[in-house]
Protein chains: 2
Amino acid sequence: MTDPSANTSPDDTDGDATPSPSFDVSEYSETEQQIFDAALAEFGRKGKDGARMQAIADSAGINKAMLHYYFRGKDQLYADVFRHTMQRFMASFGASLTEAPTFEETLRAFIEGYVSFVRDNELCVRLIVSENLAGGTLVAEHVRRMKTTEGAPPRVMVDRIQAAVEDGDIRPVDPDHTILSIVSTCIFFFAMRPTVEVLHEDAGDWDAFVTSRTEHIFELIYRGLAPR
Amino acid sequence: MTDPSANTSPDDTDGDATPSPSFDVSEYSETEQQIFDAALAEFGRKGKDGARMQAIADSAGINKAMLHYYFRGKDQLYADVFRHTMQRFMASFGASLTEAPTFEETLRAFIEGYVSFVRDNELCVRLIVSENLAGGTLVAEHVRRMKTTEGAPPRVMVDRIQAAVEDGDIRPVDPDHTILSIVSTCIFFFAMRPTVEVLHEDAGDWDAFVTSRTEHIFELIYRGLAPR
DNA sequence: GACGATTTCAACCAGGTGGTTAAACCGTCC
DNA sequence: GGACGGTTTAACCACCTGGTTGAAATCGTC
């Protein structure tokens, strides 16, 4: 009997972190994809500990035993979902990095692309933040491998900022801190959505808030980086 | 038999959200305080679902049954811990709001105070973010009550920013968005600590990183708010 | 020191959890 | 048809979890 859970390997073999924005895990069968989606939803909403295998099975419209047939168990399933989510996340990071004539446009495109990705993939964000909060044993390896990869998105962004500094487009700043600040402002309010929604509950719907927030972030960061 | 779990009420009766920086829940007995600390540690590290009552009991050096004797059960205990954590958090928010002659100094004091509080109370932050991620049913009521309170820290901060706008110290900005951005940059890197530590693992120890980050945040925000 | 109230404990329980198993199903190739 | 591989299912299990119990130890007080 060929072990179907061997489908975890194909993605591991590749050393490239191609920032292709596509995600749908191609090697996955229809059933596996359904399981995967259900698992992402459950893990993203409840966290690893709060998630119930039964709920995932129900949501995927299959028997609970199938989960252990396709994925070895909860840990495996979670690790798989997390790995793909991480990849998707990194891909979006790269996809938001467009080639633009000015740094201003580059920054604007990045922020807008990043926020819209986060808006459309809230579950991914929740999963990643959740894992970080819970200790992040899985985070370490993925981030480390991504960091050392040559053409990886974060490195590209660092280079972009450094180039802007040398060109005098922005004042001298630490690129790492700067990226962290941008990402913070773009992600944090999604992670804290319940709080934010209460604070701004009289200020229109969520989508409108996200839009105004995008503009605010760009203005703040861009001016904050302006040369003296 | 007087129900000891009635100790949940004394804090509820007060309508004030006095931003006193003190925290030690005075009405708590020594045992209760031990339980409380152990619970905060466990909940903060593992989240509500991941936390184990047995672990809390062990950590507090007491029998598991005591938890149900002093607090009704897991839900009660969690709610209590969360409520006090929320209060402590809001208190720190107010404590960081000092009276300073210039807006620049006010902002610097706030950022430094806030970051140092977060550094010294990482568990509190993790608990709050964790609760937000997990749906935040508890968040809503606390935030709502805090929002409507007149002298509450966030409102004070809003007024402070608005005054600075009117005085021409900073450009016209949405105070809510601005506060959210400040808080994001000050908190997010703590919530994502595992990731951040890997990315900057060759850049000295954590404390040094926090220090440099504080300076970076201030520079970025202050310049980002500068009048045209 | 007796007595009642409070605090502590070991043992126990019901329910839910992840995980397993053995049999049934189903298309396909001989 | 029937053997065979991958797939699906219902029933089942061991274990862990939060929660309970009733009795024993401890404390305050008269």
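Chain A is the first sequence line, chain B the second, and so forth, proteins listed ahead of strands; every chain is numbered from 1.
Partners of Asp58(A) according to the salt bridge (Lys or Arg N to Asp or Glu O under 4.0 Å) rule, which considers only residues two or more places apart in sequence or in another chain, do not exist here. With sequence neighbours excluded, no residue forms a salt bridge (Lys or Arg N to Asp or Glu O under 4.0 Å) with Arg155(A). Checked against salt bridge (Lys or Arg N to Asp or Glu O under 4.0 Å), Lys74(A) has no partners two or more places apart in sequence or in another chain. For Asp75(B), the salt bridge (Lys or Arg N to Asp or Glu O under 4.0 Å) partners two or more places apart in sequence, or in a different chain, are Lys48(B).
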Side-chain donor/acceptor pairs under 3.5 Å, residues 115-131 of chain B, sequence neighbours excluded:
residue: Ser116(B); atom: OG; partner: Glu112(B); partner atom: O; Å: 3.3
residue: Ser116(B); atom: OG; partner: Gly113(B); partner atom: O; Å: 3.1
residue: Asn121(B); atom: OD1; partner: Arg88(B); partner atom: NH1; Å: 2.8
residue: Asn121(B); atom: ND2; partner: Phe117(B); partner atom: O; Å: 2.9
residue: Glu122(B); atom: OE1; partner: Arg193(B); partner atom: NH1; Å: 2.8
residue: Glu122(B); atom: OE2; partner: Arg193(B); partner atom: NH1; Å: 3.3
residue: Arg126(B); atom: NH2; partner: Leu133(A); partner atom: O; Å: 2.6
residue: Glu131(B); atom: OE1; partner: Tyr78(B); partner atom: OH; Å: 2.5
residue: Glu131(B); atom: OE2; partner: Leu138(B); partner atom: N; Å: 3.4

Protein-proximity profile, nucleotides 10-24 of chain D, B/S/- by nucleotide at the 4.0 Å heavy-atom cutoff, equals B------SBBBB---
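Checking the phosphate oxygens (OP1, OP2) of dT8(C), a side-chain nitrogen or oxygen of Tyr70(B) falls inside 4.0 Å.
Donor-acceptor pairing under 3.5 Å is lacking for the side chains of Thr185(B) and Arg213(B).
Distance OH (Tyr69(B)) to P (dT7(C)): 4 Å, rounded to an integer number of Å. When the P atom of dT17(C) is taken as reference, atom CD1 of Ile56(A) falls 12 Å away, rounded to whole Å. Following rounding to the nearest Å, Met66(B) (CE) and dT6(C) (P) show an atom-to-atom distance of 13 Å. Put simply, CG on Leu67(B) is 12 Å from P on dC9(C), counting in whole angstrom units.
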